[in-house]
Amino acid sequence: AFLKRMPDFQPIEVVEHIQKKASIHPPGIHPVEHAKTRLPGPIRILWAARWEHDKNPEEFFAAVKILKEKGVDFRLNVIGEQVRDQPEVFGWAKTYFAEYIDRWGYQASGGEYEAAVTESDIVVSTAHHEFFGIGMLEAIAAVTDSGPCVTHVGPDGAGPVVKMVHNGIEYALMTADRKSTRLNSSP
């Protein structure tokens, strides 16, 4: 179906050849199992993504600012790989939410990362798109002695997770198409 939508060259004849030689291996996730019960205290919110513009941190911090302004008691775990050209909102947020922050930035060890994921009650993605969303999927799949860390995925069900899976499939199709073009053009 994907190749039939292409306006010009449609390498349909190579599909069977590619299917025999190809397989798709998604990156998968590392299961996060941290034997503990929920920490006492207010709700803990997790944002686990690279600190880049496409992850839309401005929208996340705008939403959390509303919680603060309404007097909601909460804690923040804002973790992820930091890049050289990170959005300025992180500097503002670190100061503005200082009294609410439990964890901030890149977690240097697997144990620190797992603790940040399992001690959180809510995981949020404000990304414009996710190719696979490993951090989100690990947080959704995480369990403790008390059971799953995440028990609800949005008011509309698993829409964001479906979108991540869709993007993974789309990426695989683009990769297969690129490989088919090389196969077809090779002597």
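Just so it is clear, the model here is predicted, and its values are computed rather than measured. When reading the values below, keep in mind they use all heavy atoms of this one structure, side chains included, and skip hydrogens, waters and symmetry mates.
- By the rule that hydrophobic residues join a cluster once side-chain heavy atoms approach within less than 4.5 Å of another member, W51 and Y106 end up as members of separate clusters.
- Qualifying side-chain contact (heavy atoms from CB on, under 4.5 Å) partners for E58, counting only residues two or more places apart in sequence or in other chains: H53, N56, P87, V89.
- For residues 82-93, the set of pairs meeting the salt bridge (charged side-chain N to carboxylate O under 4.0 Å, His left out) definition, not counting sequence neighbours, is empty.
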Run the side chain to side chain contact (heavy atoms under 4.5 Å, CB included) test on W92 and F97 for me, step by step, so that the C-alpha distance in whole Å, both residues' side-chain angles and the decisive distance to 0.1 Å come before the verdict. CA-CA 8 Å; W92 169 84; F97 297 112; 3.9 Å; yes
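- Taking the six-membered ring for Trp and thresholds of 30 and 60 degrees, W47 and F61 have ring planes inclined between 30 and 60 degrees apart.
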Per-pair distances, 0.1 Å, donor-acceptor, side chain in residues 65-83, under 3.5 Å, sequence neighbours excluded:
unit_1: K68; atom_1: NZ; unit_2: Y96; atom_2: O; d: 2.7
unit_1: R75; atom_1: NE; unit_2: D102; atom_2: OD1; d: 3.0
unit_1: R75; atom_1: NH1; unit_2: E99; atom_2: O; d: 2.6
unit_1: R75; atom_1: NH2; unit_2: I101; atom_2: O; d: 3.3
unit_1: R75; atom_1: NH2; unit_2: D102; atom_2: OD1; d: 2.8
unit_1: N77; atom_1: OD1; unit_2: R103; atom_2: N; d: 3.2
unit_1: N77; atom_1: ND2; unit_2: A116; atom_2: O; d: 3.4
unit_1: N77; atom_1: ND2; unit_2: E119; atom_2: OE2; d: 3.4
unit_1: N77; atom_1: ND2; unit_2: S120; atom_2: OG; d: 3.0

Please determine whether side chain to side chain contact (heavy atoms under 4.5 Å, CB included) holds for the pair I122 and L46, giving the CA-CA distance in whole Å, both sets of side-chain angles, and the decisive distance to 0.1 Å. CA-CA 6 Å; I122 298 173; L46 172 66; over 6 Å; no
